[in-house]
Amino acid sequence: MKVKQIAITTEFIKLDSFLKFAGVCETGGEAKILIQEGQVSVEGETCTMRGKKLYPGMTVQVADDETQYEVIGGVR
């Protein structure tokens, strides 16, 4: 599995925004559908909350995607 690090400049980023920022989805609507369908996992657990806050060190995986996305950076 490939790991791709995505740097943020804020304390946290919401899951739907992260998927767009990371280039997984082109639109917020697309991100919403992926999340609602249970195709996104955060820290290894399925997450259906669009507004889930992601902090540096957390990982995101999308079904049918060989890449694991890791949040890095931010203010602690």
Side-chain angles (χ1 to χ4, degrees):
M1 177 176 297
K2 184 169 77 168
V3 176
K4 184 174 181 181
Q5 295 182 325
I6 306 295
I8 61 171
T9 58
T10 55
E11 181 182 359
F12 65 86
I13 187 170
K14 292 184 179 179
L15 180 57
D16 57 350
S17 298
F18 178 79
L19 293 175
K20 283 183 4 187
F21 186 66
V24 175
C25 300
E26 290 186 22
T27 67
E30 209 177 301
K32 176 182 174 182
I33 291 168
L34 276 178
I35 296 166
Q36 286 181 336
E37 290 180 347
Q39 295 188 49
V40 180
S41 61
V42 176
E43 295 292 292
E45 294 189 20
T46 301
C47 181
T48 56
M49 299 183 329
R50 289 173 49 201
K52 170 81 173 165
K53 293 180 180 179
L54 303 178
Y55 294 91
M58 294 178 84
T59 58
V60 175
Q61 178 82 34
V62 179
D64 300 329
D65 189 340
E66 301 272 331
T67 305
Q68 182 177 56
Y69 298 89
E70 179 182 3
V71 183
I72 62 169
V75 179
R76 292 213 175 220

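One is the number of the first residue; the rest follow in order along the sequence. Note that the structure is predicted; figures quoted are calculated from it, not measured.
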Y55 reachable from I35 in the ILVMFWY side-chain graph, under 4.5 Å edges: yes
Cluster overlap V40 with I33, hydrophobic side-chain contacts below 4.5 Å: no
Pairwise distance [atom1]([X]) to [atom2]([Y]) - rounded to 0.5 angstrom:
| X | Y | atom1 | atom2 | result |
| --- | --- | --- | --- | --- |
| L15 | S41 | CG | OG | 9.5 Å |
| Q68 | T59 | CD | OG1 | 4.5 Å |
| L54 | E70 | CG | CD | 12.0 Å |
| K4 | E66 | NZ | CD | 14.5 Å |
| L19 | T27 | CG | OG1 | 10.5 Å |

Any side-chain heavy-atom pair of I13 and I6 under 4.5 Å: no
Side chain proximity check, T48 to Q36, heavy atoms < 4.5 angstrom: no
Tell me the closest heavy-atom pair linking [X] and [Y], and the distance in Å.
| X | Y | value |
| --- | --- | --- |
| G57 | E43 | O-OE2, 3.9 Å |
| E30 | C25 | OE2-CA, 3.6 Å |
| F21 | A7 | CE2-O, 3.2 Å |
| Y69 | D65 | OH-OD2, 3.0 Å |

Verdict with reasoning, M58 to V42, per side chain to side chain contact (heavy atoms under 4.5 Å, CB included): CA-CA 7 Å; M58 294 178 84; V42 176; 3.7 Å; yes
